[in-house]
Amino acid sequence: MSRLFAIVISISMAVTPTIALAADGNADAGKLVFNKCMACHNADTDKVKVGPPLKGVIGRQPGTVAGFKYSTAMVEFGKGKIWDEALLQTYLPNPKGLVKGTKMAFPGLKKPQDVLDVIAYLKQFSTPQ
């Protein structure tokens, strides 16, 4: 029994780092996924396009970029909130589901790894918190 226990522990210790790595985002992969967002958003500049720039998004209150006209729904949603990894992980898979009435037409990123990768990419253009 103790030998079986030792084998189970050894296997779980070997697999645990792999599981942790799978939960991390990859900025290089995120850059490719961000191609879906580029028609409306910039990540590396403050230039407003169809949507607000995402440079500095992590650590910023939703609905507050100067020079961009947000929907009332996004402004209301943003009150008392800050974009962080957890909020982006909730928002990016289904923007319209989280913010009813948002102007954002994009249906969301359906693959959880794509969400993590885009967040890792956006973190490069945000001030560390």
>> Ignoring hydrogens, what is the shortest heavy-atom contact between Ala120 and Gly25? Give both atom names and the distance.
In response: CB-C, 3.6 Å
> Leu92 and Pro95: which non-hydrogen atoms are nearest, and at how many Å?
Replying inline: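 Here Leu92 and Pro95 meet closest at O-CD, 3.7 Å.
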>> Suppose the criterion is salt bridge (charged side-chain N to carboxylate O under 4.0 Å, His left out): which pairs have a residue in residues 82-99, not counting sequence neighbours?
In response: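 Residue pairs with at least one partner in residues 82-99: Glu85-Lys123.
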> Do the side chains of Pro62 and Leu87 get nearer than 4.5 Å, heavy atoms only?
Replying inline: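 Leu87 vs Pro62: side chains touch.
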Looking at [atom1] of [X] and [atom2] of [Y], how far apart are the two atoms once the value is rounded to the nearest 0.5 Å?
X: Lys31; Y: Asn26; atom1: NZ; atom2: CG; answer: 12.5 Å
X: Leu116; Y: Leu88; atom1: CG; atom2: CG; answer: 10.5 Å
X: Ile119; Y: Gln124; atom1: CD1; atom2: CD; answer: 13.0 Å

> Listed by chain and number, what are the side chain to side chain contact (heavy atoms under 4.5 Å, CB included) partners of Thr90, not counting sequence neighbours?
Replying inline: Leu98
Side chains of residues 102-111: which donor-acceptor partners sit under 3.5 Å, not counting sequence neighbours?
residue	atom	partner	partner atom	Å
Thr102	OG1	Met104	N	3.3
Lys103	NZ	Lys69	O	2.3
Lys110	NZ	Pro93	O	2.8
Lys110	NZ	Pro107	O	3.0

> Please, which pairs that meet ring-ring contact (aromatic ring centres under 6.0 Å, His included) have at least one residue in residues 26-63, sequence neighbours excluded?
Replying inline: Phe34-Tyr121
> With sequence neighbours left out, which residue pairs that include part of residues 46-67 fulfil the ring-ring contact (aromatic ring centres under 6.0 Å, His included) condition?
Replying inline: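 Sorted pair list comes back empty.
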Between side-chain atoms of residues 43-58 and protein atoms elsewhere (two or more places apart, or another chain), which donor-acceptor pairs fall under 3.5 Å?
residue	atom	partner	partner atom	Å
Thr45	OG1	Asn42	ND2	3.4
Thr45	OG1	Lys47	N	3.3
Lys49	NZ	Met38	O	2.4

> Residues two or more places apart in sequence or in another chain: which of them pass salt bridge (charged side-chain N to carboxylate O under 4.0 Å, His left out) with Lys79?
Replying inline: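 For Lys79 the salt bridge (charged side-chain N to carboxylate O under 4.0 Å, His left out) partners, ignoring immediate neighbours, are Glu76.
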> Run the side-chain contact (heavy atoms from CB on, under 4.5 Å) check on Tyr70 and Val65 step by step: do they pass?
Replying inline: CA-CA 9 Å; Tyr70 288 93; Val65 170; 3.2 Å; yes
